[in-house]
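Here the structure comes first, spelled out in structure tokens, and everything after it is commentary.
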Amino acid sequence: MDIQRPRGTRDFLFEEMKERKQIENSLRDIFETYGYAEIKTPLFEDLSLFTMKSGEGITGQIYNFQDKGGRDLALRPELTAPVARLYLNELQKKPKPLKMYYFGSCFRYERPQKGRWRQFWQLGCELIGGKSPESEAEIIAMAAHSLENLGLDNFEIHIGNLGIIRGILDSADVPRETQDTIMAIIDKGEIEELKNTLKNNDMPPNTREVLLTLVGMEGHREVINNASEILKEMPESLKALKDLDELLNILEAFGFSKYTINLGIARGLDYYSGIVFEIYVHSLGAQKQISGGGTYNLIELFGGEKVESTGFAFGFDRLVECVRLCGMENKPLKTVDVYVAPITRDVKLKAFEIAQDLRKIGIRTDVDLVGRKLKKILSQANNLGADYVVLVGKRELDEDKVTVKNMKTSEQEQVDIKQIPEYFNKIK
RNA sequence: GCCGGGGUGGGGUAGUUGGUUAUCCUACGGGACUGUGGAUCCCGCGACUCGGGUUCGAAUCUCGGCCCCGGCCCCA
């Protein structure tokens, strides 16, 4: 029998794991310098936590099951809802603003393809109880900072404000449900479909025109001016646009100005309420979005007090892919610094003793465990990237010494057994 | 879920008008070398994704499953 790994999952080997760990640590460092602290939530939750947020339709894309007690559970498909739940359960009375970040795997039952897995990792954060444009600006700045810290510069951050389009639709008295349909179409970027849908719905012709123009608007600061011209008659939308303008001012103060204003971002999910942003890396192909976020009112939806919350998450696996594309070459993995080689089998106990002494002072040490010939041991030490080999042999032992071989220069010298830890400490 | 392309030792490959023991490279294990690595040579290990069909005979033709890759839908 040949057991395969489940579809859409991966095994990570040593080098890849090291690479992922480095990226993870780089992101953690940045998040922590912005005052975020890590939290962890369970891998599975009550199914209703996710259906409340996204509707029953979501179960098609979720791994859900009944446990032996008959409870309906689901492997988490994302982390925003679990974090909101955690906040409601444990943190409501903590001083605001509350900054937390998370790193963990999520599961979705979808067809795997490039940049899409059935088990994937998200690293993201939530800022609960901040004020609007300031918190949003800081979060976007932190996202950009995180990417820069990874050495990436080929990303685009698109920022929009859902309030603008919602405002237009509200002023035309478009019912909420129709609005959601329209938002979904905008999110897809289907202009023709949008035209048709607008045609089929009763609204002032002016509204249609304004909508179609706005949705296509994308660019830098000038977009604000152009849009405010078009939105003169719509105070609600104008206010949202002003908020966006203010956010950009703050964002520039935080040192990031490479953003793209994109009024066509809609983020399908209807719990987003104001600012939304998405980050793309076009060279990734179809799955080019590496991050998405914005301001939402999920907590209210779950029955909590109204608090402003903003958050975003990186698709961690896609980020790893980006770092690879940037051509950072992976050095072969080095796992030991010193290899202890008994020259003959009868001195192996002495070799173990020496190895253990080195480990105790924090030197990555390996020792021959299979009784191979010296030649093979040296070859193994070489493969593992060891800098030094301690040759333990009878002749030297008679004088309480061992031979230390430098694998790079091939130089050898005799070292007193008692001096070994000190010898390597010096070199370290 | 839909459309298309794939699947040969651990990794990379040759081989399809069906025909002995399936090619080569690399990795790995052992040896030549009894106390010194990265070189060379020798030996060894090890594969046709799975199941059915056609056939005297299938890696090769055919059907189905599984898995991978690209795209659509959706999403990270």
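The sequence lines fix the lettering, A, B, ..., with proteins before strands; numbering per chain opens at 1. When reading the values below, keep in mind they use all heavy atoms of this one structure, side chains included, and skip hydrogens, waters and symmetry mates.
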Taking the [atom1] atom in each of [N] and [M], what is the distance between them to the nearest angstrom?
N     : M     : atom1 : result
B:C63 : B:U55 : C1'   : 16 Å
B:C3  : B:G44 : P     : 49 Å
B:A59 : B:G4  : P     : 28 Å
B:G53 : B:U13 : P     : 33 Å
B:C61 : B:A14 : P     : 16 Å
B:G64 : B:C28 : P     : 42 Å
B:G11 : B:U21 : P     : 26 Å
B:C66 : B:G29 : P     : 38 Å

Closest listed nucleotide, where the reference is the side chain of [X] and the choices are [options]:
X      : options             : result
A:L391 : B:U36, B:C74, B:G37 : B:U36
A:R372 : B:G38, B:G35, B:G30 : B:G30
A:Q113 : B:G35, B:C69, B:C72 : B:C72
A:K114 : B:A39, B:G35, B:G71 : B:G71
A:P112 : B:U36, B:G35, B:C68 : B:C68

ask   = Is the number of heavy atoms from other residues, nucleotides or ligands within 6.0 Å of CD (A:E305) greater than 12?
value =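 12 or below, so no.
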query = Under 6.0 Å from the CZ atom of A:R345, do we count more than 12 heavy atoms belonging to anything else shown?
reply =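 No, the 6.0 Å shell around CZ holds no more than 12 heavy atoms from other groups.
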In whole Å, what is the span from the [atom1] atom of [X] to the [atom2] atom of [N]?
X      : N     : atom1 : atom2 : value
A:F50  : B:A76 : CZ    : P     : 13 Å
A:K373 : B:G31 : NZ    : C1'   : 7 Å
A:K376 : B:U36 : NZ    : C1'   : 14 Å
A:Y102 : B:A76 : OH    : P     : 10 Å
A:F14  : B:G10 : CZ    : P     : 17 Å
A:Q414 : B:U36 : CD    : P     : 15 Å
A:R7   : B:C66 : CZ    : P     : 8 Å
A:K375 : B:U40 : NZ    : P     : 12 Å

First of A:P6 and A:R116 reached from the 5' end of RNA chain B, by closest nucleotide =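 Closest to the 5' end, via its nearest nucleotide, is A:P6.
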Counting the atoms with a prime plus P, OP1 and OP2 as sugar-phosphate, which does [X] contact under 4.0 Å by heavy atoms, base, sugar-phosphate, or nothing?
X      : answer
A:E110 : base
A:G8   : sugar-phosphate
A:W121 : nothing
A:R5   : nothing
A:Q119 : nothing
A:G124 : nothing

inquiry  = Stacking between A:F120 and B:A76, defined as ring centres under 5.5 angstrom apart with planes under 30°, is that present or not?
reply    =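 Yes, A:F120 stacks on the base of B:A76, since the ring centres sit under 5.5 Å apart and the planes are within 30°.
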request  = Describe, in one word, how the ring planes of A:F314 and A:F312 are oriented to each other, choosing from parallel (under 30°), tilted (30 to 60°) and perpendicular (over 60°).
outcome  =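 A:F314 vs A:F312 ring planes: perpendicular.
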query = Do the ring planes of A:F12 and A:W121 sit parallel (below 30°), tilted (30 to 60°) or perpendicular (above 60°)?
reply =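 A:F12 vs A:W121 ring planes: perpendicular.
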Could you tell me whether the side chain of [X] has a donor or acceptor atom within less than 3.5 Å of a complementary atom in the base of [N]?
X      : N     : value
A:Q4   : B:U49 : no
A:K405 : B:U36 : yes
A:Q380 : B:G38 : no
A:R111 : B:G70 : yes

Paired nucleotide for [N] [Watson-Crick or G-U wobble; both distances under 3.5 Å]:
N     : value
B:G4  : B:C69
B:U60 : none
B:C48 : none

query = Quick one: is B:C28 close enough that its OP1 or OP2 comes under 4.0 Å of any side-chain N or O from A:N383?
reply =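 Yes.
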message = Quick one, A:T310 with A:T295, criterion side-chain hydrogen bond (donor to acceptor under 3.5 Å, both in side chains). Give me CA distance, side-chain angles, the key distance, then yes/no.
response = CA-CA 4 Å; A:T310 304; A:T295 294; 3.0 Å; yes
query = Does A:K288 count as lying over the ring of A:F155, i.e. NZ or CZ under 6.0 Å from the six-ring centre, within 45 degrees of the axis?
reply =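 Cation-pi check for A:K288 and A:F155: fails.
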request  = Please say whether the positively charged group of A:R118, taken as NZ for Lys or CZ for Arg, lies over the ring of A:F107, i.e. under 6.0 angstrom from the six-membered ring centre and within 45 degrees of the axis.
outcome  =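 Checked: cation-pi criterion not met.
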inquiry  = Could you check whether A:D170 pairs with A:R166 (Lys NZ or Arg NE/NH1/NH2 to Asp/Glu carboxylate O, under 4.0 Å)?
reply    =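 No, A:D170 and A:R166 are not salt-bridged.
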